[in-house]
Amino acid sequence: MRLAKSLVPTLREDPADAEALSHKLMLRAGLIRQLAAGIYVYLPIGHRVHEKVSNIIREEMNAIGGQEITMPVLQPAELWQKSGRWDGIPEMFKLQDRYGRDMVLGMTHEEVIAWIASREIRSYRDLPQIWYQVQTKERDEARPRSGVLRTREFVMKDSYTLDPDVAALDRSYAAHESAYRKIFERCGLHFHVVESDTGMMGGLGAHEFQAPCAAGEDEIALCAGCGYAANVEIARGVPAAPVFPPGGREEVATPNVKTIAEVSAFLKIDPRLTIKSLLYVGKRTGPVLVLLRGDHVLHERKLARALGGDEVRPAHAEEVRQHLGAPAGSVGPLGARGPILADEALRDGDYVVGANREGYHVRGVSPGRDFEARFVDLHTVAAGEACPQCGKPLAVERVIEVGNIFKLGTKYSEALGALYLDESGKEQPIVMGSYGIGPARIAAAAIEQNADADGIVWPASIAPFHVHIVVVSLRDAGQVAAAEEIYTACRAAGLDAVLDNRDERPGVKFKDADLLGVPVRVTVGNALAKEGVVEIKERRAPRAEHRVPKAQVVTTIQSLEVLRGVR
RNA sequence: CGGGGUGUAGCGCAGCCCGGUAGCGCACCUGCUUUGGGAGCAGGGGGCCGCCGGUUCAAAUCCGGCCACCCCGACCA
């Protein structure tokens with residue numbers, strides 16, 4: 001590619017609308033432009049990167065026997081009505097055709113897969129199968145954000161496995177896990193494989209591939225000791241217990257003291273010696289009193305799971321007063337009506353709790369002894385808590401989900417009649433798995449993880465080009481000719497090259513080269529006439545430089561460690 | 001969906017309080033000079049001031065409504 005006539009609109013300044021590093025850099029380097037909230041145009045450079053990532057994914061999917069197909073984005077509502085997902089998914093784009101028939105824009109493709117399977121798979125001899133596509137997904141996200149990290153329209157590689165039984169599913173799942181590891185390694189990402197919530201889909205198991213980065217939306221708990229790794233949605237941590245002071249149960253006046261911080265300050269005690277009482281309302285299960293240690297934070301997903309997948313919300317102020325007879329700052333478990341859920345951390349010890357009487361708390365209250373409660377894991381893991389497996393301290397990292405693998409089971413095959421005959425001639429539902437990867441998130445995560453003050457620093461495998469050739473002066477015919485020669489030679493050698501032949505000052509070209517982040521830069525400038533050499537410089541620190549005659553450019557580049565493994 | 005913020009030239013912003021000619025930097029066009037880390041000088045083009053309505057002799061500016069976008073939270077099959 002020659003830059004002079006190309007659509008690579010770089011920006012000098014950060015766009016006002018961008019916050020996340022990858023978002024700023026993708027806009028500034030001219031990879032993308034935003035059409036609407038969460039909807040992006042991929043310009044030539046962005047498109048190239050996306051293709052490089054997608055092709056790596058394709059290679060690894062093909063390597064485990066995946067067969068690429070393409071399924072429609074536009075789908076009849078009927079399929080989704082059959083699977084039970086037509087209602088209750090606010091992210092689903094729905095529309096009608098001209099005859100008033102309900103349609104959906106696909107946000108995932110389990111239904112279509114099950115539909116194909118129901119028609120084409122008949123015997124255990126047809127199994128197993130791995131079908132995948134690289135296709136656009138449409139999701140009406142509540143809040144698109146961080147550039148390309150969470151969008152309403154995005155391309156996903158989604159694959160689906162069809163197996164005769166759970167043991168076979170386990171093998172397909174393991175094959176995917178190993179393919180995914182290779183994909184992320186080849187893309188140059190740092191990542192963790194973590195246990196994740198199977199969510200409302202109620203599958204048999206799931207893992208996420210999470211790439212650490214500042215703009216991430218998830219948090220994971222990690223144990224350096226034994227390798228335990230889980231999304232904080234499900235991660236369990238064992239907090240250190242406080243030292244409980246002696247003393248019996250007594251009611252104490254706590255005028256105008258409401259929050260945990262106020263209670264512990266007023267009574268001059270560690271917040272860990274208090275219980276935080278929160279009234280929640282489950283859509284089906286009704287009011288439930290939730291107890292946590294004073295310093296802990298409730299994880300609502302854990303609560304929802306403890307209530308059998310119910311939808312929960314904090315009670316309104318009036319509901320608290322009505323249910324417990326006191327305002328929110330003075331409530332507690334003593335004499336409370338209805339179910340009480342207490343975090344595991346509260347099993348032992350005497351705590352300060354709200355008295356259910358405005359302006360009073362009670363000291364020396366022991367869960368289990370002074371009131372009945374069901375103990376479940378409810379608190380959000382904090383860094384430093386002990387690993388549930390080995391006891392070493394856990395770390396908590398901010399991450400972006402770049403892939404997930406999911407054991408679906410037979411939910412969709414049963415709903416859509418995807419059955420096969422086993423060896424004994426008996427009809428069985430196909431056991432399914434589904435697996436997703438977002439190429440755009442991989443690109444953005446790679447930027448987040450590798451950028452420096454001057455711009456993007458691409459891993460060579462997904463860089464838009466391997467070599468960025470800068471002609472310092474277009475007025476020097478010798479430089480232009482040499483640059484063209486090098487450009488042609490690189491391409492002939494299988495190196496993707498971009499030639500900056502724009503009539504710009506050298507500074508502008510160098511700045512843009514840094515911004516674009518291509519791993520190797522070749523500068524054709526004064527040194528050509530003076531010493532007969534060009535400069536080959538790596539983008540990544542410490543920007544190692546080689547000065548060689550133009551005839552040696554290709555072999556020198558090919559010997560660079562940054563390009564190891566590519567071409 | 002709750003909270004906060006912003007909409008003025010392609011990009012980044014000022015002007016708005018206190019109503020009266022729409023401005024600055026970058027980018028773009030022309031000319032001259034310059035040419036190894038985002039050049040200098042001179043001249044020039046480009047605006048439904050987010051949209052609709054109201055107040056007023058007069059609205060970018062005041063008032064009302066709406067829309068879009070960003071951030072925090074909720075949600076995220």
Side-chain angles (χ1 to χ4, degrees), chain A residues 9-20 23-24 27-28 30 33-39 80 83-92 104 106-111 137 139-147 149-152 154 156 158 196-203 206 208 215 217-218 231 233 297-301 304 309 311-314 316 400-401 404 406-409 411-412 432 434-436 438 453-455 470-476 479 500 502-515 521 523-530 534-535 537 543 545:
Chain A
T10 56
L11 303 172
R12 293 188 183 211
E13 295 174 273
D14 282 339
D17 277 351
E19 194 86 7
H23 190 195
K24 286 179 184 170
L27 287 167
R28 284 194 57 205
R33 285 296 183 261
Q34 180 173 337
L35 179 63
I39 303 181
W80 293 75
S83 71
R85 295 206 285 187
W86 169 251
D87 292 306
I89 305 180
E91 284 78 23
M92 186 155 55
V104 323
M107 45 190 298
T108 177
H109 283 77
E110 282 82 8
E111 279 79 359
K137 300 283 185 268
R139 296 184 184 177
D140 193 3
E141 291 289 349
R143 182 148 100 82
R145 71 182 106 177
S146 305
L149 287 180
R150 177 165 291 274
T151 55
R152 294 192 292 173
F154 60 98
M156 180 189 272
D158 46 324
S196 67
D197 191 4
T198 51
M200 305 302 160
M201 279 173 77
E208 292 165 344
E217 326 183 291
D218 287 348
N231 194 304
E233 288 169 7
V297 177
L298 172 68
H299 199 294
E300 287 193 7
R301 293 276 280 254
E311 207 174 293
V312 298
R313 63 167 174 83
H316 303 135
I400 184 71
E401 181 183 354
N404 61 61
F406 204 102
K407 295 182 186 177
L408 288 174
K411 171 175 170 161
Y412 299 96
M432 291 175 58
S434 85
Y435 316 83
D454 293 317
V470 172
V471 194
V472 170
S473 174
L474 284 193
R475 279 157 197 74
D476 182 333
Q479 288 183 21
D500 191 347
R502 293 176 302 170
D503 187 11
E504 288 286 355
R505 295 172 65 83
V508 172
K509 299 190 190 188
F510 291 140
K511 288 290 185 189
D512 276 351
D514 287 348
L515 230 201
R521 186 175 88 201
T523 304
V524 183
N526 295 336
L528 182 69
K530 286 185 192 153
V534 301
E535 298 140 47
K537 198 170 189 177
R543 300 206 175 198
E545 186 175 307

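Each chain gets a letter, A, B and so on, in the order the sequences are listed, and its residues count up from 1.
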Are [X] and [Y] close enough for a salt bridge, meaning some N to O gap below 4.0 Å?
X	Y	result
A:R85	A:E110	yes
A:R301	A:E233	yes
A:D514	A:K509	no

Nearest to the side chain of [X], which nucleotide is it out of [options]?
X	options	value
A:R543	B:G25, B:A39, B:G37	B:G37
A:F510	B:G38, B:C72, B:G36	B:G36
A:R12	B:G36, B:C26, B:C75	B:C26
A:T10	B:C72, B:A77, B:G38	B:G38

Check if the side chain of [X] and the base of [N] share a donor-acceptor pair of N or O atoms closer than 3.5 Å.
X	N	result
A:R145	B:C71	no
A:D14	B:G12	no
A:R28	B:G38	yes
A:R521	B:G37	yes
A:E13	B:G38	no

Taking only N and O in the side chain of [X], is any of them less than 4.0 Å away from OP1 or OP2 of [N]?
X	N	answer
A:Q34	B:C70	yes
A:R139	B:C76	no
A:R301	B:C76	yes

Integer-rounded Å distance: [N] [atom2] and [X] [atom1]:
X	N	atom1	atom2	result
A:I39	B:A68	CD1	P	12 Å
A:D87	B:A77	CG	P	18 Å
A:E208	B:A77	CD	P	9 Å

Sticking with atom [atom1], work out how far [N] lies from [M], rounded to a whole angstrom.
N	M	atom1	answer
B:A14	B:U8	C1'	10 Å
B:G50	B:G5	C1'	16 Å
B:G64	B:C72	P	29 Å
B:G25	B:G40	C1'	16 Å
B:C67	B:G20	P	30 Å
B:G12	B:U6	P	16 Å
B:A68	B:C16	P	29 Å
B:A59	B:C63	C1'	11 Å

Completion exercise
Nearest-nucleotide check on RNA chain B, A:G507 vs A:G38; residue mapping nearer the 5' end is A:G507

Completion exercise
When A:A36 and A:E91 are each assigned the nearest nucleotide of RNA chain B, the 5'-most assignment goes to A:A36

For a quick check of understanding: with a heavy-atom distance under 4.0 Å over all strands, which category does [X] fall into, base, sugar-phosphate or nothing?
X	result
A:S196	nothing
A:A37	sugar-phosphate
A:A527	base

Would you please say whether a donor-acceptor pair under 3.5 Å links the side chains of [X] and [Y]?
X	Y	value
A:S83	A:E111	yes
A:D512	A:T10	yes
A:D17	A:Q34	no

Fill in the blank from the handout: Per side chain to side chain contact (heavy atoms under 4.5 Å, CB included), A:E535 is matched among A:V472, A:T523, A:V470 by A:T523

Practice task
Answer yes or no: does atom CD of A:E217 have more than 12 heavy-atom neighbours from other residues, nucleotides or ligands under 6.0 Å?
Solution key: yes

Practice task
Measure the shortest side-chain to side-chain distance between A:R152 and A:R139 over non-hydrogen atoms and say whether it is less than 4.5 angstrom.
Solution key: no

Practice task
Considering non-hydrogen atoms only, spot the tightest contact between A:R143 and A:R150 and give its length.
Solution key: O-CD, 3.6 Å

Handout entry: A:V508 versus A:R12, closest heavy-atom pair with distance
Key = CG2-NH2, 4.4 Å

Pairs: protein N or O with nucleotides 30-35 of chain B N or O, under 3.5 Å:
residue: B:U34; atom: O2; partner: A:R505; partner atom: NH1; Å: 2.7
residue: B:U35; atom: N3; partner: A:R475; partner atom: NH1; Å: 3.4
residue: B:U35; atom: O4; partner: A:R475; partner atom: NE; Å: 2.6
residue: B:U35; atom: O4; partner: A:R475; partner atom: NH2; Å: 3.0

Please tabulate, one pair per line, each protein N/O and nucleotide N/O from nucleotides 2-10 of chain B that are separated by under 3.5 Å, including the distance.
none

